[in-house]
S.K.: 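The following block contains the structure, expressed as structure tokens.
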Amino acid sequence: MKIAKIIGVVVLVIIAILGIVIALQPSHAHIEKSISINAPTSVIFPEVSNYRNFNEWSPWSKMDPDAEYTYEGIDGTVGAKMNWEGEKSGEGSQWIIEIEENQRVKNRMTFGGYEGEFYSEFRLEPNENGTTVVWTYDGPNQGLAGKAAWVIMGTMLSSQYDQGLRDLKKRVEDKTAK
């Protein structure tokens, strides 16, 4: 009986800690990752403003290689849109809502089954060795369910952004080395 009480107390403590962690999550999610790439902004810009190019280095196209993509609009312009549907990546869309040539691209996104306004942005900032690429994500964490999901999704998304930036760096630097 004593062991059952100890196990019960441990389980309650774990649940309480998990509840506190979830409650402390922000109601607005934000991720910001960056990498320095040895290339000018003009070489990097087509990789972040053209969805077909994006899918060449995106972590999600590697995660779900059988996903189907459709494209709408004119690449690299406001309104250009990419839709996807895949077993692992689910379904969704992203489209360009703001663009400044060789400086920034802001996208709005939708994800099947999730309500809210989600955004990602690429900022290209010249530095002494080339360009710093900053990739951001912003979206809501609605209610306790949203905050609970963010505990896991935030970590996964952060890791995916890091991987995507490393792959972008390799792609661009390999191109410029030729």
Side-chain angles (χ1 to χ4, degrees), residues 28-112 114 116-140 149-150 152-178:
H28 177 84
H30 178 77
I31 291 174
E32 186 166 312
K33 296 294 185 170
S34 65
I35 198 165
S36 182
I37 299 178
N38 297 321
T41 60
S42 61
V43 173
I44 301 167
F45 188 72
E47 299 296 330
V48 299
S49 64
N50 178 310
Y51 290 129
R52 286 174 182 85
N53 289 349
F54 173 80
N55 277 337
E56 292 298 316
W57 56 269
S58 155
W60 301 288
S61 61
K62 291 174 185 69
M63 176 185 78
D64 195 355
D66 295 327
E68 294 185 23
Y69 295 91
T70 59
Y71 305 93
E72 301 172 22
I74 299 169
D75 291 333
T77 66
V78 170
K81 186 175 187 180
M82 175 179 66
N83 306 294
W84 66 86
E85 186 171 344
E87 186 176 318
K88 295 178 184 174
S89 57
E91 71 175 71
S93 301
Q94 72 175 3
W95 60 98
I96 297 173
I97 60 171
E98 295 176 20
I99 195 164
E100 294 176 56
E101 189 170 357
N102 297 330
Q103 294 180 39
R104 65 186 280 270
V105 179
K106 186 170 184 177
N107 300 288
R108 172 122 188 255
M109 301 176 293
T110 61
F111 303 100
Y114 295 93
E117 294 186 12
F118 305 91
Y119 299 93
S120 74
E121 183 173 23
F122 292 99
R123 293 191 311 269
L124 307 179
E125 303 167 354
N127 66 38
E128 63 279 354
N129 297 318
T131 303
T132 299
V133 178
V134 179
W135 190 7
T136 67
Y137 165 85
D138 287 281
W150 185 247
I152 296 167
M153 293 303 296
T155 302
M156 284 178 35
L157 191 57
S158 182
S159 173
Q160 291 166 340
Y161 268 43
D162 281 334
Q163 184 62 54
L165 287 172
R166 286 191 301 271
D167 290 346
L168 172 62
K169 177 181 176 77
K170 180 172 179 10
R171 177 175 166 86
V172 169
E173 291 180 354
D174 285 354
K175 277 184 177 182
T176 58
K178 291 178 182 179

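Keep in mind it's a predicted model, so treat the numbers as computed, not measured.
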S.K.: Over 60° means perpendicular and under 30° means parallel, so tell me whether Tyr161 and Trp135 are parallel, tilted or perpendicular.
M.R.: parallel

S.K.: Would you check, one step at a time, whether the test side chain to side chain donor-acceptor pair (under 3.5 Å) holds for Ser42 with Asn102?
M.R.: CA-CA 5 Å; Ser42 61; Asn102 297 330; 5.3 Å; no

S.K.: List the steps and the verdict of ring pair (Phe, Tyr, Trp, His ring centres under 6.0 Å) for Tyr119 and Tyr137.
M.R.: CA-CA 6 Å; Tyr119 299 93; Tyr137 165 85; 9.3 Å; no

S.K.: Apply side chain to side chain contact (heavy atoms under 4.5 Å, CB included) to Glu121 and list each qualifying residue two or more places apart in sequence or on a separate chain.
M.R.: Arg104, Lys106, Arg123, Thr136

S.K.: By salt bridge (Lys or Arg N to Asp or Glu O under 4.0 Å), which residues pair with Asp138, not counting sequence neighbours?
M.R.: none

S.K.: Restricting to non-hydrogen atoms, name the atom on Val172 and the atom on Ala39 that form the minimum distance, rounded to 0.1 Å.
M.R.: CG1-CB, 3.5 Å

S.K.: Gln103: what forms a side chain to side chain contact (heavy atoms under 4.5 Å, CB included) with it, not counting sequence neighbours?
M.R.: Glu100

S.K.: Using the side chain to side chain donor-acceptor pair (under 3.5 Å) criterion, which residues pair with Ser158? Sequence neighbours excluded.
M.R.: Lys33

S.K.: Just by distance, with hydrogens left out, do Asn129 and Ser36 show a side-chain donor and acceptor under 3.5 Å apart?
M.R.: no

S.K.: Output all residues satisfying salt bridge (Lys or Arg N to Asp or Glu O under 4.0 Å) with Asp64, sequence neighbours left out; order by chain, then residue number.
M.R.: none

S.K.: Output the distance between atom CG (Leu124) and atom OG1 (Thr131), rounded to the nearest 0.5 Å.
M.R.: 6.5 Å

S.K.: Using the rule side chain to side chain contact (heavy atoms under 4.5 Å, CB included), only one of Thr77, Val105, Val48 pairs with Ile99; which is it?
M.R.: Val105

S.K.: For Gln163, check side chain to side chain donor-acceptor pair (under 3.5 Å) against everything at least two apart and list the hits.
M.R.: Arg166, Asp167

S.K.: Can you name the closest pair of heavy atoms from Phe118 and Pro140 and give their distance?
M.R.: CE2-CD, 3.6 Å

S.K.: Shortest non-hydrogen contact from Ser34 to Thr132?
M.R.: CB-CG2, 4.1 Å

S.K.: Tell me, please, which residues at least two apart from Asn55 pass side chain to side chain contact (heavy atoms under 4.5 Å, CB included).
M.R.: Ser58, Ser61, Tyr69, Tyr71, Met82

S.K.: To the closest 0.5 Å, what do you measure between CD1 (Ile35) and CG (Asp162)?
M.R.: 8.0 Å

S.K.: For residues 38-49, pull every pair meeting salt bridge (Lys or Arg N to Asp or Glu O under 4.0 Å), keeping only residues two or more places apart or in separate chains.
M.R.: Glu47-Arg171, Glu47-Lys175

S.K.: Answer yes or no: are there more than 12 heavy-atom neighbours, outside Glu68 itself, under 6.0 Å from its atom CD?
M.R.: no

S.K.: With sequence neighbours left out, what residues match Thr41 under side chain to side chain donor-acceptor pair (under 3.5 Å)?
M.R.: none

S.K.: Atom OG of Ser120 and atom CD1 of Ile96: how far apart are they, to the nearest 0.5 Å?
M.R.: 9.5 Å

S.K.: So, using side chain to side chain donor-acceptor pair (under 3.5 Å) as the criterion, who are the partners of Glu128 when residues are at least two apart?
M.R.: none

S.K.: Would you find a donor on one side and an acceptor on the other, under 3.5 Å apart, between the side chain of Ser159 and the backbone of Thr155?
M.R.: no

S.K.: Which is it for Leu168 and Val133 under the side chain to side chain contact (heavy atoms under 4.5 Å, CB included) test, yes or no, and what are the steps along the way?
M.R.: CA-CA 9 Å; Leu168 172 62; Val133 178; 4.2 Å; yes

S.K.: Looking only at non-hydrogen atoms, find the nearest pair between Asn50 and Arg52 and report the distance.
M.R.: OD1-N, 2.9 Å

S.K.: Could you pull out the closest heavy-atom pair between Asn38 and Lys169, with the gap in Å?
M.R.: ND2-NZ, 4.3 Å

S.K.: Gln160 and Trp60: side-chain donor and acceptor closer than 3.5 Å?
M.R.: yes

S.K.: Quick one: pull up CH2 in Trp84 and OH in Tyr51 and give me the separation to the nearest 0.5 Å.
M.R.: 8.5 Å

S.K.: Assess whether atom NZ of Lys62 is packed by more than 12 heavy atoms of other residues, nucleotides or ligands within 6.0 Å.
M.R.: yes

S.K.: Looking at residues at least two apart in the chain, or sitting in another chain, which of them share a side chain to side chain contact (heavy atoms under 4.5 Å, CB included) with Lys81?
M.R.: Glu72, Asn83, Ser93, Trp95

S.K.: So Ile97 and Asn107, side chain to side chain contact (heavy atoms under 4.5 Å, CB included) or not? Walk me through it.
M.R.: CA-CA 6 Å; Ile97 60 171; Asn107 300 288; over 6 Å; no

